[in-house]
Amino acid sequence: MSEIELKLRWRRTWDDHPDDFSAFAEEQGVGRIYKMAGGPQGRRWYWTMNAMIGHTGFSRSGFEDTPREAAREVEEIWFTRGVAVLARKVAASGG
């Protein structure tokens with residue numbers, strides 16, 4: 001598998017949780033990934049893309065085997081499904 005290039009700004013959600021990261025576009029939080037500890041999805045990476053754009057909320061989530069794959073899913077929704085474009089339009093209109 002080739003290296004997955006990430007475009008959003010990713011950082012640890014909490015300093016004392018090494019397997020938990022949040023994604024930001026500008027200053028807006030848009031997603032999070034973290035390793036599940038137990039249950040049927042244990043040791044897999046949970047991802048969620050949540051964004052509030054104006055009065056519209058967007059939310060998608062799922063599981064992947066690696067942190068890069070999970071981050072890619074967040075970015076896929078943000079960039080290619082029009083959420084980022086809508087966010088820029090709303091910001092430009094002041095709403």
Side-chain angles (χ1 to χ4, degrees):
M1 173 189 237
S2 63
E3 180 67 22
I4 297 169
E5 183 178 332
L6 301 177
K7 299 175 185 170
L8 293 172
R9 184 171 48 90
W10 289 88
R11 68 177 186 222
R12 276 194 181 158
T13 305
W14 294 284
D15 290 336
D16 61 341
H17 289 79
D19 293 329
D20 192 321
F21 299 89
S22 294
F24 295 85
E26 307 277 328
E27 294 303 313
Q28 179 181 359
V30 297
R32 183 173 167 211
I33 64 171
Y34 59 90
K35 189 185 292 185
M36 298 297 291
Q41 297 295 337
R43 308 314 298 166
R44 293 188 78 201
W45 285 80
Y46 176 74
W47 62 268
T48 182
M49 196 290 307
N50 295 301
M52 196 67 184
I53 315 291
H55 299 289
T56 304
F58 295 88
S59 181
R60 301 287 185 275
S61 63
F63 293 92
E64 294 296 330
D65 291 328
T66 71
R68 282 273 188 200
E69 292 168 333
R72 177 192 59 211
E73 292 299 317
V74 170
E75 293 195 1
E76 169 79 14
I77 293 166
W78 180 254
F79 288 111
T80 64
R81 298 199 186 161
V83 180
V85 171
L86 179 59
R88 285 192 295 274
K89 286 181 181 178
V90 169
S93 71

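Reckoned from all heavy atoms, side chains included, excluding hydrogens, waters and symmetry mates. Since we're looking at a predicted model, the values are computed, not measured. Position 1 is the first residue of the sequence; numbering continues from there.
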Donor on one side chain, acceptor on other, Glu73 and Trp78, under 3.5 Å: no
Connected-component partners of Tyr34 among ILVMFWY, side-chain separation under 4.5 Å: Met36, Tyr46, Phe63
Remaining members of hydrophobic cluster (4.5 Å side-chain criterion), Phe24: none
Side chain to side chain donor-acceptor pair (under 3.5 Å) partners of Arg68, counting only residues at least two apart: Glu3
As an exercise, state the distance from [atom1] of [X] to [atom2] of [Y], rounded to the nearest 0.5 Å.
{"X": "Thr48", "Y": "Arg60", "atom1": "OG1", "atom2": "CZ", "result": "10.0 Å"}
{"X": "Met49", "Y": "Ser61", "atom1": "CE", "atom2": "OG", "result": "10.0 Å"}
{"X": "Glu64", "Y": "Ile4", "atom1": "CD", "atom2": "CD1", "result": "8.5 Å"}

Residues forming a salt bridge (Lys or Arg N to Asp or Glu O under 4.0 Å) with Arg9, sequence neighbours excluded: Glu27
Steps toward side-chain contact (heavy atoms from CB on, under 4.5 Å) verdict (Glu75, Leu6): CA-CA 7 Å; Glu75 293 195 1; Leu6 301 177; 3.5 Å; yes
Sub-4.5 Å side-chain heavy-atom contact between Ile33 and Val74: yes
Validation row: Phe21, Arg32 side chains within 4.5 angstrom (heavy atoms): no
Salt bridge (Lys or Arg N to Asp or Glu O under 4.0 Å) contacts in which one or both residues fall within residues 36-53, not counting sequence neighbours: Arg44-Asp65
Closest approach of Ala71 to Trp10 (non-hydrogen atoms, all atoms of both residues): CB-CZ2, 3.5 Å
Residue pair Ala25 / Leu8: nearest heavy atoms and the distance that separates them: CB-CD2, 3.8 Å
Contacts of type side-chain contact (heavy atoms from CB on, under 4.5 Å), residue Asp19, not counting sequence neighbours: Lys35, Trp45
